[in-house]
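Heads up, the thing below is written out as structure tokens.
Here is the naming used below: chain letters follow the sequence lines, and residue numbers restart at 1 for every chain. Computation of the quantities below employed the complete heavy-atom set of this structure, encompassing side-chain atoms and omitting hydrogens, waters and symmetry-equivalent molecules. Nothing here was measured: the structure is a model prediction, and the numbers come from that model.
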Amino acid sequence: MAFSPPLTSPPSPESSPTPQQKNLIPWQSMRGLKQIHSLVLRSPSLQTPLILSKLLSFSALNPHGDVSYAQLLLAHIETPTTSMYNVVIRGLSLSRKIPASSSMLAYQALLRCSLCPNNFTFPSLIKALAECGSLWEGRLVHAHVVKLGFESDCYVRNNLIRLYTVCGEMGIAHELFDRFPERDLVSWTTLILGYSKTGRAEEAVSLFLEATDEDLKPDAIIMATVISACSKVGDLKLCRKLHNYIDAHNVESDVVTGNALVDMYAKCGDIESAYSIFKEMNEKDVVSWNSMISGLAQNGEFKEALKLFRRMQCEGIEPDGMTLVAVLNSCANLGSLEMGNWVRVYMDKVCIRANGIIGNALVDMYAKCGRIEQAMELFNKMTKKDVYTYTTMILGLAMHGQAKEALDLFSELSKARIRPNSITFIGVLSACSHAGLVNIGLAHFHDISRVYGINPKIEHYGCVVDMLGRAGLLNEAQEFIDRMPIEPDAFIWGTLLGACKIHGNVKLGESAAKNLLKLQPNEDGAYVLMSNMYASDNQKGDERTMRKLMKVKKVKKTPGCSLIEVDGMVHEFRIRDKSHPRRREIYMVVKEIDGHLRSEGYRPAMEILEQELCWHS
DNA sequence: ATAGGGTTAG
């Protein structure tokens, strides 16, 4: 029922050991290489193509090397060869910091020397271009590839396929894939990944099924790719089919495929299967833990997520930014501010900046835990804000009834040249709803499609019904529902019913309840609200009828639940809850508070079914 | 040449 707090103070980060530069043989460090280079420069007899090539490849390809040094070296070689250029181009493609344009410049230099690129030139060059999404240069190089007859080279072609997929040119990529019968596992994997990353996960999975018809033996890499695509499809049956396939075909699996499976089951809502795979993985890394923790959080199992995070710490696995996002998300939904603050302290200690997704998660945590000023402070400090950052803050302000601030932020969006999305409008509408700004809210609602070209979804209609209902415009709310282009769902009727309850409109409430019961006859909501409404309206007979009806239909009221966090522990309380070890003391204090409240003249609005509620809330 | 995990919701 409760989980223990994290370590009371975040562990200090271990100082990472510096690379043991001293133990390197001379030519494996740049220092040694430069010494040899100066020797070579002084004696022309040493300037043979072989020695120069060695110097080049050590500085360009060695992990302790320096590609820019290799570039300089190459520029001073009088009679360079294609393979010397290939080495530098490969070195450039391997280093992350260097832009694609330098690979392109090296390639152009090669052409200027009247050298001819070969099958080793293109893979690295195209890889560098793909890395940066340089479609224009990529097409140019592709033309050269065709001219020189290297399109049939599988390595070259796979890199071209990769280039087109990362540039979103799936049509060209697939055409290139189809045009040559000679394809290997990498060709399939690359194309499948392309479909998966461009939001066409179904096509990715069916492409894999196509691949299994050919005589290819799937490896761990293609499996991880297709499993990830499957998690995006969200079809549990398909997930199981894939899992069975792996077992049946004895596909060698590793941590990555295991992690992908955990994520896949979690995303498809089968948290038990996810957990059993997680448990049985004999090798786990930080991604395994992250997949499982965020899987729990994505399925609303926030307490379990925090529990698992605790275990992760006990096992000495260092969390990374992604872990913390899942933890913060759980804190936000549990109102667990102490734990959230702990994460912030931890972030400071290990120097994780509150920017990007993790910054957004922190803002959300503060807002949902009631610290709207701290959320705002952090929001203002964040240098890179995206639509998520703004949406989170707008929703937070709306939640706190600060409609003006929320609307101001919304108007800042266009100044920051950020396009709002459909969830941003949920925030805007709920801000208006909570502040009773009906006309402004309606104006924004109309702008959703007219100005922003977004099709309002049922959620947006729900916000408007809520806004009209809260303002007491119940008939308008009903009319709005009647005119909706979408079939009203249970949420819509529940919102109207709730508004009728607040404003005591029994007649309209009855019709809303009828509609709600048509959609979910076995849920307690409509019965409870109606019987409470009858009770407040002194319609004792109707109230009893409602409660009888619940009994006949075997509908039980789901117990409400309150939770608080004390010293990093989350405690839950339900009606007539006697499970807490310190229940006697707790209820004594509650009784005392209740006495104080009553002596000050407070009378809780108790309705028959809710009488005992005040004891846990 | 190819692989896994994250943020906002009526």
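Stacking annotation: A/Tyr461 is not stacked on the base of B/dG10 (requires ring centroids less than 5.5 angstrom apart and an interplanar angle below 30 degrees). For A/Tyr388 and B/dT7, the ring-to-base geometry satisfies the stacking test (centroid distance below 5.5 Å, interplanar angle below 30°).
Shown here are the ring pair (Phe, Tyr, Trp, His ring centres under 6.0 Å) partners of A/Phe120, two or more places apart in sequence or in another chain: there are none. For A/Tyr388, the ring pair (Phe, Tyr, Trp, His ring centres under 6.0 Å) test picks out no residue, with sequence neighbours left out. Qualifying side chain to side chain contact (heavy atoms under 4.5 Å, CB included) partners for A/Thr391, counting only residues two or more places apart in sequence or in other chains: A/Val387, A/Leu395, A/Asn421, A/Ile423, A/Thr424. Considering only residues two or more places apart in sequence or on other chains, A/Tyr461 meets the ring pair (Phe, Tyr, Trp, His ring centres under 6.0 Å) condition with A/Phe445, A/Phe480. Scanning for ring pair (Phe, Tyr, Trp, His ring centres under 6.0 Å) contacts around A/His142 gives A/Tyr164, with sequence neighbours left out. When the side chain to side chain contact (heavy atoms under 4.5 Å, CB included) test is applied to A/Thr389, the partners found at least two apart in sequence or on another chain are A/Asn360, A/Phe379, A/Met382, A/Lys385, A/Asp386.
One can place CG of A/Asp254 at 13 Å from C1' of B/dT2, the figure rounded to the nearest angstrom. One interatomic measurement links the two molecules: CG of A/Asn119 to P of B/dA1, which rounds to 12 Å at whole-angstrom precision. Here the C1' atom of nucleotide B/dG10 and the NZ atom of A/Lys457 are 11 Å apart, to the nearest Å. As a whole-Å value, the separation of A/Ile486 CD1 from B/dG10 C1' is 12 Å. Between A/Glu131 atom CD and B/dA1 atom C1' the separation is 12 Å, expressed in whole Å. Atom CZ of A/Phe425 is separated from atom P of B/dA9 by 17 Å (rounded to the nearest Å). B/dG10 atom P lies 13 Å from atom CD1 of A/Ile492, rounded to whole Å. Distance, A/Glu182 CD to B/dA1 P: 16 Å, rounded to whole Å.
Within the nucleic acid shown, A/Arg183 has no heavy atom closer than 4.0 Å to any nucleic acid atom. Contacts of A/Thr495 with the nucleic acid, taken as non-hydrogen atoms under 4.0 Å apart, are absent. No engagement by A/Gly427 is indicated, since no non-hydrogen atom pair under 4.0 Å with the nucleic acid exists. Base contact: A/Asp489 has a heavy atom under 4.0 Å from a base atom. Nucleic acid contact for A/Ile227: none, since no nucleic acid atom lies under 4.0 Å from a heavy atom of the residue. A/Asn329 comes within 4.0 angstrom of the backbone, heavy atoms only, and of no base.
A donor and an acceptor atom, one from each side chain of A/Ser196 and A/Lys232, are located under 3.5 Å apart. Side-chain contact, A/Ser433 with A/Asp466: a donor N or O sits under 3.5 Å from an acceptor N or O.
Among the nucleotides B/dT8, B/dG10, B/dT7, the one closest to any side-chain atom of A/Lys368 is B/dT8. Of the candidates B/dG10, B/dG6, B/dT8, the closest approach to any side-chain atom of A/Asp263 belongs to B/dG6. Distance from the side chain of A/Ile358 is smallest to B/dG6 among B/dA3, B/dG10, B/dG6. Side chain of A/Ile423, nearest nucleotide from B/dG6, B/dA9, B/dA1: B/dA9. Picking from B/dT8, B/dG10, B/dA1 the nucleotide with the shortest atom distance to the side chain of A/Lys127 gives B/dA1. Nearest to the side chain of A/Cys463, among B/dA3, B/dT8, B/dG10, sits B/dG10. Proximity note for A/Phe491 (side chain, C-beta onward) versus B/dG10, B/dT2, B/dT7: the nearest is B/dG10.
Residue pairs that meet the side chain to side chain donor-acceptor pair (under 3.5 Å) test with at least one member in residues 215-225 of chain A, sequence neighbours left out, do not exist here.
Here A/Lys267 reaches the OP1 or OP2 of B/dG6: one of its side-chain N or O atoms lies under 4.0 Å away.
Considering A/Thr190, A/Asp184, A/Thr189 in turn, A/Asp184 is the only one that fulfils the side-chain hydrogen bond (donor to acceptor under 3.5 Å, both in side chains) rule with A/Asn158.
Contacts between residues 156-169 of chain A and DNA chain B, defined by a heavy-atom separation under 4.0 Å, are made by A/Asn158, A/Asn159, A/Arg162. Residues of residues 228-236 of chain A having a heavy atom closer than 4.0 Å to DNA chain B, listed by number: A/Ser228.
Ring geometry for A/Trp289 versus A/Phe278: interplanar angle over 60°, hence perpendicular rather than tilted (30 to 60°).
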